[in-house]
Amino acid sequence: MAKILYTQVITEDPDDLKELEKRHRYSHLFQRVRMLRLLKSGEATNLGEAARALGYSWRQCQRWFASYREGGTEELLKSRVHERGRQELVTPEALEDLKETMKRGGIATVAQADRFLRERHGIEYAHPDGVGQLLRRHKIKAKTGRPRHEEADQEEQDAFKKTSRAGSRR
């Protein structure tokens with residue numbers, strides 16, 4: 001394998017790298033810029049030395065350097081924190097459709113929401129509470145009407161509301 005001449009491969013000026021390092025001092029991207037500066041200035045002659053100086057593995061520094069070679073400092077400083085962890089199963093379109101259907105009163109329970117996503121969008125959650133957790137994460141609550149007694153007289157209730165409001169305005 002050919003030896004990499006880091007001082008020639010890294011095109012940025014050491015002073016510019018130092019400024020960039022200062023700018024990212026309190027972020028997780030700081031060590032990436034520091035690695036470049038160490039290699040460019042000659043303080044570290046290879047990735048192994050740079051890795052030891054930074055307290056990272058040789059493999060991690062190799063990944064960082066590969067991303068630098070691929071797209072320069074712009075690619076090296078691209079944060080991928082948001083890519084970690086599990087990705088949401090439901091698409092934004094399916095979620096919006098679910099919200100709209102719930103607003104119209106077509107869905108009142110978690111089981112109905114689960115069935116809706118499965119049948120309409122082909123999204124299946126492994127556990128029945130998966131949809132419940134989805135609704136809680138997005139702060140979506142069941143849109144149900146206020147319960148009415150089947151023998152309640154609507155006209156009598158409206159008349160009561162009118163008289164009780166008039167009496168409270170004195």
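Numbers here simply count residues along the sequence, with the first being 1.
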Distance in Å, Lys18 NZ paired with Lys40 NZ, rounded so as to fall on 0.5 Å steps: 15.0 Å

Pairwise distance CG(Asp114) to CD1(Ile123) - rounded to 0.5 angstrom: 10.5 Å

For Ser27, side-chain hydrogen bond (donor to acceptor under 3.5 Å, both in side chains) partners two or more places apart: none

Inter-residue atom distance Asp13.CG - Arg37.CZ, 0.5 Å rounding: 12.5 Å

All pairs passing ring pair (Phe, Tyr, Trp, His ring centres under 6.0 Å) where residues 97-124 contributes a residue, at least two apart: Phe116-His121

Where Glu49 and Asn46 come nearest, the two heavy atoms and their spacing: N-OD1, 2.8 Å

Pairs where residues 14-51 contributes a residue and the test ring pair (Phe, Tyr, Trp, His ring centres under 6.0 Å) is met, not counting sequence neighbours: none

Test side-chain contact (heavy atoms from CB on, under 4.5 Å) applied to Leu117 and Leu89, step by step: CA-CA 10 Å; Leu117 288 172; Leu89 279 179; over 6 Å; no

Check against side-chain contact (heavy atoms from CB on, under 4.5 Å), Tyr68 and Ile10: CA-CA 9 Å; Tyr68 171 76; Ile10 300 169; 3.6 Å; yes

Side chain to side chain contact (heavy atoms under 4.5 Å, CB included) involving Lys78 - partner list, sequence neighbours excluded: Glu75, Arg80

Those residues that, when tested against Asp153, pass side-chain hydrogen bond (donor to acceptor under 3.5 Å, both in side chains) (two or more places apart): none

By side chain to side chain contact (heavy atoms under 4.5 Å, CB included) - contacts of Gln157 (at least two apart): Arg148, Ala152, Gln154

Where Glu151 and His149 come nearest, the two heavy atoms and their spacing: N-ND1, 3.0 Å

Salt bridge (charged side-chain N to carboxylate O under 4.0 Å, His left out) partners of Arg120, counting only residues at least two apart: Asp97

For Tyr6, all residues meeting ring pair (Phe, Tyr, Trp, His ring centres under 6.0 Å), sequence neighbours excluded: Phe65

Non-neighbouring partners of Arg23 that pass salt bridge (charged side-chain N to carboxylate O under 4.0 Å, His left out), sequence neighbours left out: none

Any donor-acceptor N or O pair under 3.5 Å, side chains Arg136, Gln133: no

Rounded distance (nearest 0.5 Å) linking atom CZ of Arg25 with atom CD of Gln31: 11.5 Å

From Met102 atom CE to Ile140 atom CD1, the distance as rounded to the nearest 0.5 Å: 6.5 Å

Contact summary for Cys61 and Leu54, nearest pair of heavy atoms: SG-CD1, 4.1 Å

Thr109: side chain to side chain contact (heavy atoms under 4.5 Å, CB included) partners, not counting sequence neighbours: Ala111, Gln112

Nearest atoms (heavy-atom pairs only) where Ala44 meets Ala50: CB-N, 3.7 Å

CG on Leu134 to CG on Asp129, rounded to 0.5 Å: 10.5 Å

Any Leu98 side-chain heavy atom under 4.5 Å of Leu135 side chain: yes

Pair Leu39-Met35, side-chain contact (heavy atoms from CB on, under 4.5 Å): steps then yes or no: CA-CA 6 Å; Leu39 291 169; Met35 175 196 71; 4.0 Å; yes

Shortest non-hydrogen contact between Val90 and Leu95, atoms and distance: CG2-N, 3.8 Å

Pairwise side-chain contact, Thr101 with Arg104, heavy-atom cut-off 4.5 Å (strictly under): yes

Counterpart residues, side-chain hydrogen bond (donor to acceptor under 3.5 Å, both in side chains), relative to Glu88 (two or more places apart): Arg137, His138

Under the side-chain hydrogen bond (donor to acceptor under 3.5 Å, both in side chains) test, residues paired with Ser41 that sit two or more places apart: Glu43

Under 3.5 Å: donor-acceptor pair, side chain of Arg32, backbone of Leu76: yes

Heavy-atom closest pair, residues Ala113 and Ile107: N-CG2, 3.6 Å

